[in-house]
Amino acid sequence: MKLPKRNELCWCNSGKKYKKCHLRSDENGETAPPGVMEGLVRKRTVTAGIIGPPRLVPDDIIYPEYAKTGIVGDRRMSCRKKTEDEINRMRRAGRVARQVLDSVLAAVQPDITTDALDEIAHLATISYGAYPSPLNYIGFPKSICTSVNEVVVHGIPDSRRLQRGDIVNCDVTVYVDGMHGDCSETVLVGEVSREAHSLVQVTWECLMKGIDIVRPGQRLNEIGRVIESYAGKHGYSVVRQFTGHGIGGTFHMDPYVAHFYEPANKTVMEEGMTFTIEPMINCGSPDSVIWPDKWTAVTVDLALSAQFEHTVLVTGSGVEILTGGRDPWFLRG
Ligand code: MF3
Ligand code: CO
Ligand code: CO
């Protein structure tokens, strides 16, 4: 494997010089997985655009604890079983997240910038009296995440225009009534390749298969088992660096929800638990690299990645999808 020279472009395709990007972390042995240089047969389709200033939230809206400082409390703090009142507030947060996501999805078309999608989401969110949860979450600068093509997750909305043939995941989280609701969909921009179409559809099926087995008494690792096995049958890989998560008054908390099989995870689902399932499925390697913006995760081999997400509640008899609603685009005909 040959690494770039200091002034050459970084191997991660960020477009930055190697010395300004991964040089230090490579020297520390933290990055540049063996084989990464040989693996780069594809061209990147996404480069960082201009990120506008954070959008403002009116001060009569109730902010989550990190909104002013960017500092997030203990994620292991988890109230796993929710009370009836908390569940009702989760239902409301889930409904609002779904409505905001639907407005964003309706606006996706060639030539729109991801920043314009962020604006639509932001205005819709505050119109419901809700706070856009990503905004200033550990310093995240925008109100939603938009992840295009080889971007796995946490893409920052910017001045890049969507192009025919792109796929884009729009991930909306809102905070309302003291609870977070979190959901995402990947949609097609105009006509896309057959490869992209199939990846997106299988990824949605992975989410639904994961949700289908949720019920009290079920082992949590069953979700990853069914998802990994279904993705593998189609020749796709499952992202391991990012997982689903418990959700409630805290954005991310225990239990984390792996989308691959973890035999040693003994957690059992209980009535009243709320968590997300949000598989990220790749056409190539499961591994990603993070851009210097500290957020954007891109597949290491630049292969396509897709994702869908719902927030779910474990009920007495099974599961309730709190962010459900319309079917995704490919079921609507
Ligand atoms: N919505 C993402 C999730 O599904 C998290 C985004 S955090 C952010 O968990 F800071 F990147 F916005
Ligand atoms: Co999300
Ligand atoms: Co989530």
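As the structure lists them, so they are numbered: ligands from 1, and atoms in each ligand from 1.
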message: Over 60° means perpendicular and under 30° means parallel, so tell me whether F242 and H154 are parallel, tilted or perpendicular.
response: perpendicular
- prompt: How close do F251 and H245 get, heavy atom to heavy atom, and via which atoms?
  reply: O-ND1, 3.1 Å
query: Using links of under 4.5 Å between side-chain heavy atoms of ILVMFWY residues, direct or through other members, which residues join V268 in one cluster?
result: none
query: Can you list the residues that meet the side-chain hydrogen bond (donor to acceptor under 3.5 Å, both in side chains) rule with D118, with sequence neighbours excluded?
result: R55
- prompt: How would you list, by chain and number, the residues with a heavy atom under 4.0 angstrom from ligand 1?
  reply: P134, Y137, F140, C145, H154, D171, T173, D182, H245, F251, H252, E278, W295, E309
- prompt: Backbone N or O of V57 within a donor-acceptor pair of the Y63 side chain at under 3.5 Å?
  reply: yes
field: R98/E185 salt bridge by N-O under 4.0 Å criterion
entry: yes
message: Taking the basic N atoms (NZ, or NE/NH1/NH2) and the acidic carboxylate oxygens, is any pair closer than 4.0 Å for D115 and K142?
response: yes
Heavy atoms of other groups near E270 CD, more than 12 under 6.0 Å: yes
message: For a 4.5 angstrom cut-off between non-hydrogen side-chain atoms, does K266 reach R219?
response: yes
task: Take the Co ion (ligand 3) and tell me which protein N, O or S atoms are nearer than 2.8 Å.
output: D182 OD2, H245 NE2, E278 OE2, E309 OE2
